[in-house]
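Here's the structure we're looking at; comments come further down.
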Amino acid sequence: MVRESIRAALVDAVRGMGVDGDMPDLELGRTKSPELGDYATSAPQKLARVLREAPDTIAARLVETITITDGAVTAEAVRGYVNFRLRDDWLRDLVSRIEPGYGAQDIGHGERLQVEFGSINPTGPLHIGHGRGVTIGDSISRLLEFTGHAVEREYYVNSDNTQTRRFGASVYARLHGQEPPEGGYLGEYVAEMAEMARRDLPEIEKEPEAEAEPKLRRYAMEKVIEQIRASVARLGVRYDNWFWEDTIWQSGLGWKAIERLREAGYIKERDGALWFGEPDEDEEDRVVIRANGQPTYFASDLGYLLSRFEERGFHRVIEVWAADHHGYVARMKAAAEALGVEPERLVIIIHQLVNLKEGRMSKRAGRFVTLDELIDRVGSDAVRYFYLLRSPDTTIETVATQQHSRLPDKADVSMLVQPWELDVARQLAFWPDVVEDATRLREPHRIPYYVHDLATAVHRFYHAGNAQSEYRVVVDDANLTRARLELCRAARHTLKTALDLMGVSAPERM
RNA sequence: GCCCCGCUAGCUCAGUGGAUAGAGCAUCUGUCUUCUAAACAGAGGGUCUGAGGUUCGAAUCCUCAGCGGGGCACCA
């Protein structure tokens, strides 16, 4: 990758100037504006103190000595910077080398990791806030797969807690035409659940609440999970595994985790309950087993950590949470560490909430816009783009999709000399950088921004023929036409790859 | 009260301590007899919330303040 070879050459050149031990962090980034070239480093300014020389002098010396192995760039000293410009013939060569999947790179070396996202309580349909986490989790998964990781996508089904019990009780109440209990669920879908249960579970109405409620709860949760599975499928999201919370207790992992923590001194008994916390510190303790003997969700999470890091042996687990859970991050990290899992192996990504203008959504109060309604209204591609951009911008989506469908298919040599043609190639050269940065920083929003840049360059190239017909893609000169088609081909592959990573489709025809 | 996240153009948001802070939308001006208008070319629009500090250099790092969102349960 170009950026890497420039960086390596830069480090060599700096070493050659006698800087060895305390080498400052040599920053290598994109230039502010195209006149300055493509990549730039402020290394001369950083080295000024160490070398006791003026930045301009250092820049000039660096340009003298630096050697880029594959000759991709030329170097120039400008006002304390060294600027690198991608050479035109290197860009032309790149265009002919681009194949489907261009930009893939091995960052993960096959690392086995799990991405857990979504994992919404199975007590109602997904709303537009959930869609964001699902989309981000899915796109991060796609990015990680693209960069050499072995990814498993998991949905953790919180099946066994106060919320789901209230949900079950609400369905029971509806079945018998009663008001939902205190803190119960009010949405219309609860009535639909009750109707379906009446049909699918014979005799359920005659059973006493103590027997009927658990059955109804399970039945309703499974129905909800079916709906969730269908909703996320519309966004092109699939899970490899749906992990039910209650299996943690059936398999004994929950108690195994608690036992291990008890031996290490992290479990204390107080007020009839079991608490987790630092051995000699009571302040931050959290309940694991309630005084009534029921485990909390936190206890399940302890067993869930063992399930993933030990039983299933994931090297790393990435979880995507909405901001309203961020207070739980520290506790989960502490729990992982206490169980003997290095905290770095548990990566938690927090995304901000999606709020309605009318105020916060509430599943319990039935005040929300469902994800399905949103998809119905604008379509899956726009929804995904919307989330990944963090702002609605359907025009860009339309631009990207449509442009791709229009690009021709044939390919051949290179006679690409116009600046707008080389600018397309230039954007293509940056693509591997974007993939790397998005992966390492876990910032999928970099992909749609890149798509926009590439689409803009392609548009400019495509529309150059608007003003002067000799700049059209298809011209009398067959060789030139083929060269321009080659550029289209490279752009199409790259655009397709980028859109795939976002989970946005790029139809061959509009 | 304590803790997290944010505050950048009218709006929604990009912006790994480096050069003149960017994009989309909105506004305004041009461009459809052509493989090309769901588009392109261009214009206007900024006290990067405020005040200090660190630095050769700060939208970016530190401190304080303000505003907004979220969190501090034997809820998840």
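Computed from a predicted structure; not experimentally measured. First the proteins, then the strands, lettered A, B, ... as listed; each starts at 1.
- Annotation: salt bridge (Lys or Arg N to Asp or Glu O under 4.0 Å) contacts involving residues 47-62 of chain A, sequence neighbours excluded, comprise E53(A)-R61(A).
- Rounded to whole Å, the distance from CH2 on W420(A) to C1' on C40(B) is 13 Å.
- Regarding contacts with the backbone of C40(B), a side-chain N or O of H459(A) is found under 4.0 angstrom from either OP1 or OP2.
- OP1 or OP2 of C74(B) has not a single side-chain nitrogen or oxygen of R270(A) nearer than 4.0 Å.
- Straight-line distance from the CZ atom of R30(A) to the C1' atom of A14(B): 13 Å, rounded to whole Å.
- Side-chain atoms of E245(A) and S300(A) form a donor-acceptor pair, as typed in the model, at a separation below 3.5 Å.
- The distance from atom NZ of K32(A) to atom P of G57(B) is 18 Å, rounded to the nearest whole Å.
- Residues Q163(A) and Y297(A) have side chains that never bring a donor and an acceptor to within less than 3.5 angstrom of each other.
- Defined by atom type and a distance below 3.5 Å, a donor-acceptor pair is missing between the side-chain atoms of T123(A) and R166(A).
- For T162(A), a side-chain nitrogen or oxygen approaches OP1 or OP2 of A76(B) to under 4.0 Å.
- Considering only residues two or more places apart in sequence or on other chains, E319(A) meets the side chain to side chain contact (heavy atoms under 4.5 Å, CB included) condition with E116(A), R308(A), V317(A), W321(A), M332(A), L346(A), I348(A).
- By the rule that a glycosidic angle within 90° of 0 means syn, C5(B) does not qualify and counts as anti.
- Regarding R166(A), its CZ atom lies at a distance of 14 Å from the P atom of C74(B), rounded to whole Å.
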- request: Using Watson-Crick or G-U wobble pairs with both distances under 3.5 Å, give me RNA chain B in dot-bracket, 5' to 3', with [ ] for crossers and | for pairs to another strand.
  value: (((((((..((((....[...)))).(((((.......))))).....(((((..]....))))))))))))....

